[in-house]
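Input: a single structure, listed below in structure tokens.
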4 protein chains.
Amino acid sequence: MATTKTPPDANRRSERSRRAILEAALELTGETGYQRLTIEAIAARAGVGKQTIYRWWPSKAAVLLDAFVALGEDAAEGHHELPDTGDLEADLKTVLRATVDELNSPRYDAPSRALAAESIANPDLCAQFTRAVLEPQLQLYVTRLRAAQEAGQADPDVDPRIALELLVGPLAHRWMLRTQPLTHAYADSVVEITLRGLTPR
Amino acid sequence: MATTKTPPDANRRSERSRRAILEAALELTGETGYQRLTIEAIAARAGVGKQTIYRWWPSKAAVLLDAFVALGEDAAEGHHELPDTGDLEADLKTVLRATVDELNSPRYDAPSRALAAESIANPDLCAQFTRAVLEPQLQLYVTRLRAAQEAGQADPDVDPRIALELLVGPLAHRWMLRTQPLTHAYADSVVEITLRGLTPR
Amino acid sequence: MATTKTPPDANRRSERSRRAILEAALELTGETGYQRLTIEAIAARAGVGKQTIYRWWPSKAAVLLDAFVALGEDAAEGHHELPDTGDLEADLKTVLRATVDELNSPRYDAPSRALAAESIANPDLCAQFTRAVLEPQLQLYVTRLRAAQEAGQADPDVDPRIALELLVGPLAHRWMLRTQPLTHAYADSVVEITLRGLTPR
Amino acid sequence: MATTKTPPDANRRSERSRRAILEAALELTGETGYQRLTIEAIAARAGVGKQTIYRWWPSKAAVLLDAFVALGEDAAEGHHELPDTGDLEADLKTVLRATVDELNSPRYDAPSRALAAESIANPDLCAQFTRAVLEPQLQLYVTRLRAAQEAGQADPDVDPRIALELLVGPLAHRWMLRTQPLTHAYADSVVEITLRGLTPR
DNA sequence: GGCTAATCGAGACGGTACGTCTGGTCTTTGC
DNA sequence: GCAAAGACCAGACGTACCGTCTCGATTAGCC
């Protein structure tokens with residue numbers, strides 16, 4: 001009993017429409033916010049029928065996720081690993097400061113918040129988001145931290161997955177709840193305290 | 001000539017209706033999730049006119065916030081400070097383990113996620129949420145950490161506001177993005193690493 | 001089992017409020033039309049609680065009927081019989097021309113139309129309207145026509161109730177459906193043809 | 001820059017929905033009366049979205065007018081002229097008796113009263129109603145009366161438009177205000193008196 | 001001249017329907 | 001032979017009024 005509906009033929013898909021939809025989604029998210037973003041508005045802005053969106057994406061969150069991934073790919077351009085100068089503290093500060101800047105940049109803020117909000121409430125989208133965007137980022141930390149452990153600069157008994165969360169968790173917390181301003185100084189403090197906690201015994 | 005609309009008279013407010021609304025909001029959030037939660041359904045479940053909700057709350061998120069605050073007040077019952085046995089590590093583990101349990105409990109999970117999701121996208125609600133729910137909790141950490149600093153158990157140069165975020169940020173991160181299971185062991189690890197970072201020099 | 005609800009004590013009724021309500025009803029009917037007329041607006045305009053209206057009238061139509069009666073009483077001022085100069089045709093033309101003028105006057109038009117519209121759909125109000133406003137007017141015709149019959153100026157075999165409707169029916173028809181302009185010339189024609197039909201045989 | 005809102009494409013209109021809406025409107029008007037008739041109830045009964053009604057009609061009165069026109073078209077079936085047996089009086093009695101029967105029939109009574117009531121208060125609808133329903137009927141009288149004038153059976157100086165109103169005006173008056181029962185005998189009397197008034201001089 | 005009871009202005013309440021908006025599906029049409 | 005355009009069913013939105021109710025704060029009228 002698997003009549004799930006004939007899936008569309010991906011070969012015939014219009015690349016022009018796909019791009020227009022993703023671009024429209026990003027623009028409208030920036031202009032009016034995610035809550036007020038509607039599929040109809042995206043279709044109208046992209047000059048596309050609504051069905052063309054429903055055919056290829058299950059929800060407006062999925063559209064935005066794809067749009068965000070595309071945005072990230074444009075920007076990533078080779079940042080496929082964390083810097084490794086040998087000085088872990090300096091490297092982490094560099095990275096976390098860049099993260100702070102990104103979280104503070106309006107270009108990323110609106111879609112990021114939208115996706116984060118959806119992810120909290122929607123486990124499916126959360127899984128996709130994690131897999132497509134977050135996990136690759138986090139793996140970079142794991143790699144760098146493991147290198148540091150091997151170099152004797154960090155306690156090898158500490159799980160890098162946990163260490164990494166001590167670094168990004170506090171930043172995410174401030175960004176999300178706006179309890180305090182998100183600054184380079186804050187990033188530095190987080191790195192310093194965490195690294196003291198990771199000192200080899 | 002600035003009064004746009006006479007505000008309702010709070011003295012004549014029906015306590016019965018207020019309670020019924022908050023209760024219905026919590027129930028329905030648990031049953032169908034926040035996205036599918038509608039003002040009409042709350043009104044119907046509470047046996048109340050829609051206008052009675054619109055009269056006193058600006059949005060369904062605000063209703064849920066009040067409901068959550070009420071829920072918290074029932075549960076708090078004197079937990080108005082963190083334990084202080086003299087052993088900071090043990091005390092923090094106790095508290096963070098309790099937090100883990102709470103975040104894993106279905107009773108709190110649905111409304112918490114709803115409010116967190118809304119807060120990310122909606123700064124006004126976020127401010128209210130922070131003031132009413134979060135900040136009082138965080139202040140308890142500040143108090144306990146300062147006591148530890150004065151007792152010479154923690155580095156007095158570290159801002160307690162930052163230290164606290166190293167504790168709760170990672171938990172929030174995991175809860176939010178479901179990257180890994182949220183366990184007592186994880187809470188313990190976070191406490192241990194963070195406290196090593198706070199050791200008096 | 002006749003506990004129908006204690007009726008209000010008419011002695012203690014506030015004359016000031018009654019007048020204000022009737023006046024407000026007429027004003028608002030003229031300003032926004034009967035459809036958009038609301039009890040709340042009447043109460044607000046009259047500076048009166050809604051209950052004061054509901055206590056004394058069963059519906060907004062009833063309020064307007066009272067208002068219209070009051071309006072008519074001011075204007076009637078002794079027109080309690082039709083003219084009788086001995087010339088039936090001249091007398092009827094005088095009266096029907098006056099009726100035409102009244103139906104064309106904005107002051108009476110709005111409330112008249114409102115009451116007529118309600119009367120068509122609402123038999124109870126219709127009965128009240130007929131009894132209070134219409135029937136007394138029609139009786140004047142009956143009296144005058146009977147006098148003409150006795151004076152040998154009209155066929156005594158014709159029921160005056162029918163004759164009268166041949167006079168006012170066509171005017172009402174034009175007023176109601178706006179098929180043609182309602183003029184003195186039209187009134188004259190109606191009188192002339194009808195009276196020819198009433199000539200004694 | 002005058003186009004405020006793209007009008008819907010009439011070619012793509014669903015005939016099935018249109019019919020269902022008109023039928024539901026008639027049924028509900030008969031069941032609960034026009035005042036209690038709601039757009040929501042029509043949509044529900046017709047199995048149709050509310051928007052499908054709002055898309056094609058400006059008001060519930062307009063829906064009912066269309067429904068009434070459709071009803072009339074079904075019933076008309078070739079009655080596109082008045083009978084002409086050569087005996088004007090007999091012919092008019094036949095027609096007016098039929099009109100009396102129609103006005104007394106429950107099937108036509110409820111929607112007729114609704115439309116008449118709306119027409120009194122709403123000039124736009126009145127014009128539509130007159131054009132679509134009333135005027136064609138009245139023209140039949142004009143034609144028949146002119147034939148009688150040419151045959152020397154009626155005074156050629158009397159405007160047929162006025163004569164016709166002497167016939168239908170009184171019936172309308174009684175129907176509307178329920179002052180007396182509306183019977184065949186009444187119709188006969190009206191015809192007799194009016195025709196006496198139209199005797200060629 | 002105080003007491004009592006009803007009416008008063010005010011407006012919150014449980015409801016119903018409004019007319020609009022959007023979600024997703026289905027149908028038509030034009031390229 | 002798609003895909004745009006958009007009509008369709010469905011149902012929530014936030015608003016406006018309905019008619020009922022509960023509040024003090026005036027009034028009456030009876031003792």
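Remember, predicted model here, so these are calculated numbers, not experimental data.
Proximity of B/Trp56 to the phosphate of E/dC13: a side-chain N or O atom is located under 4.0 Å from OP1 or OP2.
Heavy atoms only, all atoms of each residue included: C/Ile53 and C/Ile42 are closest at CD1-CG2, 3.7 Å.
Straight-line distance from the OH atom of D/Tyr54 to the P atom of F/dG6: 23 Å, rounded to whole Å. In this structure, D/Arg13 places its CZ atom 11 Å from P of F/dA7, rounding to the nearest Å. Note: CZ (A/Arg45) to P (F/dA5) measures 15 Å, nearest angstrom. At whole-Å resolution of the value, CD in C/Gln35 and P in F/dA16 are 19 Å apart. Across the protein-nucleic acid pair, C/Ile42 atom CD1 and F/dC17 atom P stand 12 Å apart, rounded to whole Å. Residue C/Trp57 contributes atom CH2, which lies 16 Å from atom C1' of F/dG19 at whole-angstrom precision.
The backbone N or O of D/Leu37 sits less than 3.5 Å from a side-chain atom of D/Lys60, completing a donor-acceptor pair.
When the salt bridge (Lys or Arg N to Asp or Glu O under 4.0 Å) test is applied to D/Asp9, no partner is found at least two apart in sequence or on another chain. Under the rule for a salt bridge (Lys or Arg N to Asp or Glu O under 4.0 Å), the partners of C/Lys50 that lie at least two apart in sequence or sit in another chain are C/Glu40.
Counting heavy atoms from C-beta on, the side chains of D/Val69 and D/Glu73 come closer than 4.5 Å. Taking the side chain as every heavy atom from C-beta outward, C/Leu65 and C/Glu118 never approach each other to under 4.5 Å.
Each of D/Lys60 and B/Glu15 lies near DNA chain E, and the nucleotide nearest B/Glu15 is the one positioned closer to the 5' end.
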Protein and nucleotides 14-17 of chain E: nitrogen or oxygen contacts under 3.5 angstrom:
{"unit_1": "E/dG14", "atom_1": "OP1", "unit_2": "B/Ser17", "atom_2": "OG", "d": "2.7"}
{"unit_1": "E/dG14", "atom_1": "OP2", "unit_2": "B/Gly49", "atom_2": "N", "d": "3.4"}
{"unit_1": "E/dG14", "atom_1": "OP2", "unit_2": "B/Thr52", "atom_2": "OG1", "d": "2.7"}

Write out a two-atom table: protein N or O, nucleotide N or O from nucleotides 28-31 of chain E, distance below 3.5 Å.
none

Just list the side-chain donor-acceptor pairs under 3.5 Å for residues 21-30 of chain A, sequence neighbours left out, or say none.
{"unit_1": "A/Glu27", "atom_1": "OE1", "unit_2": "A/Arg45", "atom_2": "NH1", "d": "2.5"}
{"unit_1": "A/Thr29", "atom_1": "OG1", "unit_2": "A/Ala25", "atom_2": "O", "d": "2.7"}

Show every donor-acceptor pair shorter than 3.5 Å between a side-chain atom in residues 120-127 of chain B and any protein atom, with sequence neighbours excluded, or say none if there are none.
{"unit_1": "B/Asn122", "atom_1": "OD1", "unit_2": "B/Asp124", "atom_2": "N", "d": "3.1"}
{"unit_1": "B/Asn122", "atom_1": "OD1", "unit_2": "B/Leu125", "atom_2": "N", "d": "3.1"}

